Amino acid sequence: MAHYLVTGGAGFIGSNFVHQLVRETDHSVTVLDKLTYAGNRASLDGLPAERVELVVGDICDAALVDKLTADADVVVHFAAESHNDNSLNDPSPFIDTNLVGTFTLLEAARKHDKRYHHISTDEVYGDLELDDPERFHETTPYNPSSPYSSTKAGSDLLVRAWVRSFGVKATISNCSNNYGPRQHVEKFIPRQITNLIDGVHPKLYGAGLNVRDWIHVDDHNSAVRRIIEAGTIGETYLIGADGEKNNKEVVELILRLMGESPDAYEHVNDRPGHDLRYAIDSTKLRTELGWQPQYRDFESGLAATIDWYRANEDWWRPMKEATEAKYAKTGQ
Ligand code: NAD
Ligand code: DAU
């Protein structure tokens with residue numbers, strides 16, 4: 001039985017990680033989360049108080065991070081400013097949280113000699129052409145496009161340097177686009193589901209031909225747990241589930257699953273610098289660590305996600321209006 005420090009554990013992927021850890025292990029968890037607009041205390045509802053504690057605080061607070069790291073066996077770092085569109089409107093919090101926050105955690109992991117796992121994104125590799133037979137792999141050169149992805153790339157490089165220079169016991173994972181319960185309604189899939197619940201047409205950026213490589217959040221988290229258990233220190237692992245789809249296909253599927261006509265969407269302004277395609281080759285994770293995704297059918301995973309948003313309006317309703325007001329300013 002180990003004690004985990006999970007940063008960003010009140011966000012989308014981090015909260016699903018904590019729920020999975022409680023469900024499937026005997027470990028205990030301290031969540032460190034600033035509860036920004038993206039964090040939600042309710043995402044930790046139903047978890048046993050004797051095993052999960054929420055500390056509301058900033059990963060840039062060195063004294064707090066030092067204390068919590070000293071008490072932990074493993075640090076799993078999910079906390080980030082995570083949304084590309086926000087990074088285009090105001091990059092400043094991305095620099096603080098994604099770069100300074102990661103630096104702060106690495107210094108604590110170094111001082112207390114703790115196992116550290118760094119959660120990152122496939123966006124650090126830039127994008128691919130639609131017809132490129134290549135996919136991203138662990139040795140693809142870094143080429144990030146947005147303020148968000150460049151700060152995530154910078155944070156990965158800090159981890160690599162702290163491993164090599166100071167011997168920090170770290171691993172890194174770079175995952176593709178996640179879907180599932182408890183994702184903020186600013187993100188593509190929950191935005192369209194909650195729009196439809198509200199009788200509003202889904203919004204496609206540009207022509208809708210950009211491709212994302214979808215993975216269920218529980219598969220992302222089972223891969224992270226496998227890397228923590230069996231990964232080689234200093235290594236990077238790509239996490240993906242062969243889920244490439246273009247945005248138009250995803251919107252059409254959501255419309256069909258929600259009983260609407262598949263062409264009942266509208267095109268809105270494109271994202272500046274919009275990455276065209278992401279695609280993950282997760283051979284290393286599968287062959288070296290024996291990991292496999294459990295959600296192999298995107299349609300049934302999406303249907304369950306739609307059911308979750310229908311059943312949990314109390315969770316998302318408070319954030320919907322402010323999110324749409326933000327998009328209205330950029331014509332999206
Ligand atoms: P999210 O925005 O839903 O959650 C981020 C959490 O971090 C929130 O709870 C927020 O309150 C917290 N946080 C932000 N700044 C903080 C700070 N300074 N101190 C403490 N807590 C802070 O994000 P997510 O989608 O769950 O992403 C989690 C991680 O996974 C991120 O590192 C992201 O880059 C990475 N990732 C996300 C995806 C995806 O599809 N969403 C894919 C690959 C990797
Ligand atoms: O690839 C991993 C990344 O996936 C993570 O690192 C990020 O944290 C996560 O936010 C996600 O980034 P994207 O920019 O790909 O996700 P987003 O949900 O913002 O958009 C997905 C696609 O859908 C993208 O091509 C933009 C498009 N889109 C988005 C919204 C919100 C639309 O067409 N309409 C929309 O309303």
Side-chain angles (χ1 to χ4, degrees), residues 6-17 31-41 43-44 54-61 64-65 76-87 93-94 96-98 100-102 104-105 118-125 127 136 144-146 148-149 151-152 155-156 173-180 182-192 195 202-215 217 220-221 224 239-240 245-248 250-251 265-271 274-280 323-324 327 332:
V6 177
T7 72
F12 165 46
I13 306 174
S15 64
N16 280 289
F17 181 80
V31 168
L32 172 58
D33 198 296
K34 192 177 172 182
L35 297 183
T36 67
Y37 81 96
N40 194 339
R41 208 180 269 278
S43 294
L44 298 169
L54 169 64
V55 174
V56 179
D58 193 327
I59 56 166
C60 299
D61 178 342
L64 178 61
V65 165
V76 192
H77 177 31
F78 290 92
E81 285 292 336
S82 69
H83 195 43
N84 277 296
D85 293 317
N86 292 342
S87 82
F94 290 75
D96 293 339
T97 291
N98 299 359
V100 179
T102 298
T104 308
L105 283 155
H118 186 71
I119 304 292
S120 193
T121 169
D122 57 358
E123 296 192 15
V124 301
Y125 301 114
D127 60 354
F136 299 139
S145 314
S146 73
Y148 162 67
S149 52
T151 56
K152 290 298 293 187
S155 72
D156 292 10
S173 53
N174 297 79
C175 188
S176 58
N177 285 62
N178 287 217
Y179 73 97
R182 304 186 196 91
Q183 186 170 30
H184 194 282
V185 297
E186 69 189 353
K187 302 297 197 301
F188 179 52
I189 287 178
R191 185 181 184 207
Q192 316 314 334
N195 273 355
K203 319 271 188 199
L204 266 183
Y205 291 178
L209 299 180
N210 304 63
V211 171
R212 296 295 183 265
D213 190 353
W214 293 99
I215 181 172
V217 64
H220 179 181
N221 284 327
V224 168
I239 305 175
K245 299 224 171 321
N246 76 31
N247 295 337
K248 190 164 156 295
V250 174
V251 156
Y265 56 81
E266 56 186 68
H267 294 280
V268 295
N269 287 341
D270 206 351
R271 173 184 287 171
H274 196 173
D275 278 341
L276 191 52
R277 171 174 164 241
Y278 307 138
I280 291 266
T323 303
E324 289 305 318
Y327 279 127
Q332 291 174 311

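Both counts, for ligands and for their atoms, begin at 1 and track the order of listing. Just the heavy atoms: all of them, side chains too, but no hydrogens, waters or symmetry mates, feed the values below. As the structure is a computational prediction, the values presented were derived from the model and not from experiment.
Each of the atoms 11 (O) of ligand 1 lies under 4.0 Å from some heavy atom of Leu35. If you number the atoms of ligand 1 from 1 as listed, the ones under 4.0 Å from a heavy atom of Asp58 come out as 17 (C), 18 (N), 19 (N). Within ligand 1, the atoms closer than 4.0 Å to a non-hydrogen atom of Ala10 are 9 (O), numbered from 1 in the order shown. With ligand atoms numbered from 1 in the order given, ligand 2 contributes 19 (O) to contacts under 4.0 Å with heavy atoms of His83. The atoms of ligand 2 that sit less than 4.0 Å from any heavy atom of Thr121 are 1 (O), 2 (C), 3 (C), 5 (C), 6 (O). Close approach to Ala38 involves these atoms of ligand 1, each under 4.0 Å from a residue heavy atom: 2 (O), 8 (C). Taking every non-hydrogen atom of Glu186 and a distance limit under 4.0 Å, the qualifying atoms of ligand 2 come out as 31 (C). Atoms of ligand 1 lying under 4.0 Å from any heavy atom of Asn177, numbered from 1 in the order shown and given with element: 40 (O). For ligand 1, the atoms lying closer than 4.0 Å to a non-hydrogen atom of Gly57 are 19 (N), 20 (C). Counting the atoms of ligand 2 from 1 in the order shown, those under 4.0 Å from a heavy atom of Arg212 are 15 (O), 24 (C), 25 (O). Residue Ser82 has at least one heavy-atom neighbour below 4.0 Å for each of these atoms of ligand 1: 1 (P), 2 (O), 23 (O).
Contact annotation: for Lys152 versus ligand 2, there are no heavy atoms closer than 4.0 Å. With a heavy-atom cut-off of 4.0 Å, Cys60 does not touch ligand 1 at all. In Pro93, neither the side chain nor the backbone holds a heavy atom less than 4.0 Å from any atom of ligand 1. Looking at Phe94 against ligand 1, nothing comes within 4.0 Å, counting heavy atoms.
Scanning all protein heavy atoms for the shortest distance to atom 27 (C) of ligand 2 gives Asn247 ND2, 3.4 Å. Among protein heavy atoms, the minimum distance from atom 24 (C) of ligand 2 is reached at His274 NE2, 3.4 Å. Scanning the protein for heavy atoms near atom 28 (C) of ligand 1, the closest one is Phe78 O, 3.4 Å. The protein heavy atom nearest to atom 25 (O) of ligand 1 is Phe12 CD2, 3.8 Å. Considering only non-hydrogen protein atoms, atom 4 (O) of ligand 1 sits nearest to Gly11 CA, 3.4 Å. Of the protein's heavy atoms, Ile13 CD1, 3.7 Å lies nearest to atom 39 (C) of ligand 1. Protein heavy atom closest to atom 34 (N) of ligand 2, with residue, atom name and distance, is Lys203 O, 2.8 Å. Looking only at protein heavy atoms, the nearest one to atom 8 (O) of ligand 2 is Ser82 O, 2.8 Å. Among all protein heavy atoms, the one lying closest to atom 15 (N) of ligand 1 is Thr97 CG2, 3.4 Å. Of the protein's non-hydrogen atoms, Arg191 NH1, 2.8 Å is the one closest to atom 36 (O) of ligand 2.
For ligand 1, the polar-atom distance check finds an N/O of Ile59 within less than 3.5 Å of one of the ligand's N/O atoms. Of the polar atoms of Trp214, none of the N or O atoms is found under 3.5 Å from an N or O of ligand 2, judged by distance alone. Considering backbone and side-chain atoms together, Lys187 places no N or O closer than 3.5 Å to any N or O of ligand 1. The distance criterion of under 3.5 Å between nitrogen or oxygen atoms is met by Phe188 with respect to ligand 2. For the pair Gly14 and ligand 1, the shortest N or O to N or O distance does not fall below 3.5 Å. Among the atoms of His220, none of the N or O lies under 3.5 angstrom from an N or O of ligand 1. Considering backbone and side-chain atoms together, Asn84 places an N or O closer than 3.5 Å to an N or O of ligand 2. In terms of N/O distances under 3.5 Å, ligand 1 is approached by Asn178.
Phe12 CZ to His184 NE2: the interatomic distance, rounded to the nearest 0.5 Å, is 12.5 Å. A distance of 3.0 Å separates OG in Ser155 from NE2 in His118, rounded to the nearest 0.5 Å. Going from atom OH of Tyr327 over to atom CG of Asn195 covers 10.0 Å, rounded to the nearest 0.5 Å. Atom OG of Ser15 is separated from atom CZ of Phe78 by 9.5 Å, given to the nearest 0.5 angstrom.
Counting only N and O atoms by type, the side chains of Asn98 and Thr151 include a donor and acceptor under 3.5 Å apart. A side-chain donor-acceptor contact under 3.5 Å links His77 and Thr102.
By the 4.0 Å heavy-atom criterion, Tyr148 is counted among the residues contacting ligand 1. Residue contacts with ligand 1: Gly101 is excluded, as none of its non-hydrogen atoms falls under 4.0 Å. Using a non-hydrogen distance threshold of 4.0 Å, Ser15 does not register as a contact of ligand 1. For Gly9, the heavy-atom gap to ligand 1 stays at 4.0 angstrom or more. Using a 4.0 Å cutoff on heavy atoms, Lys152 counts as a contact of ligand 1.
Proximity of Tyr125 to Asn174: side-chain heavy atoms (C-beta onward) are separated by under 4.5 Å at one or more points. For the pair Ile239/Ile280, no side-chain contact is recorded, criterion being any heavy-atom separation below 4.5 Å from C-beta on.
By heavy-atom distance, the residue among Tyr278, Tyr327, Tyr179, Tyr148 lying nearest atom 5 (C) of ligand 2 is Tyr148. Remark: among candidates Lys187, Gln192, Arg271, Arg277, the nearest residue to atom 19 (O) of ligand 2 is Arg271, based on non-hydrogen atoms. When Val224, Ile119, Thr102, Asp33 are ranked by how near their heavy atoms come to atom 9 (O) of ligand 1, first place goes to Asp33. Counting heavy atoms only, Ser120 comes closest to atom 44 (C) of ligand 1 of the residues Ser120, Cys175, Gly180, Ser176. Ranked by closest heavy atom to atom 14 (C) of ligand 1, the top entry among Gly240, Ala79, Ala80 is Ala80. Distances from atom 4 (O) of ligand 2 to the heavy atoms of Asn177, Asp85, Asp122 show the closest one on Asn177. The option from Phe12, Tyr205, Phe136, Tyr125 that lies nearest to atom 35 (C) of ligand 2, judged by heavy atoms, is Tyr205. Of the listed residues (Glu123, His267, Glu81, Gln332), the one carrying the non-hydrogen atom nearest atom 3 (C) of ligand 2 is Glu123.
Every salt bridge (Lys or Arg N to Asp or Glu O under 4.0 Å) that Glu324 has, sequence neighbours left out, goes to Arg191, Lys320. Checked against side-chain hydrogen bond (donor to acceptor under 3.5 Å, both in side chains), Tyr179 has no partners two or more places apart in sequence or in another chain.
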Start with the C-alpha distance between Asn247 and Tyr265, add both sets of side-chain angles, then the distance that settles side-chain hydrogen bond (donor to acceptor under 3.5 Å, both in side chains), and finish with yes or no.
CA-CA 11 Å; Asn247 295 337; Tyr265 56 81; over 6 Å; no
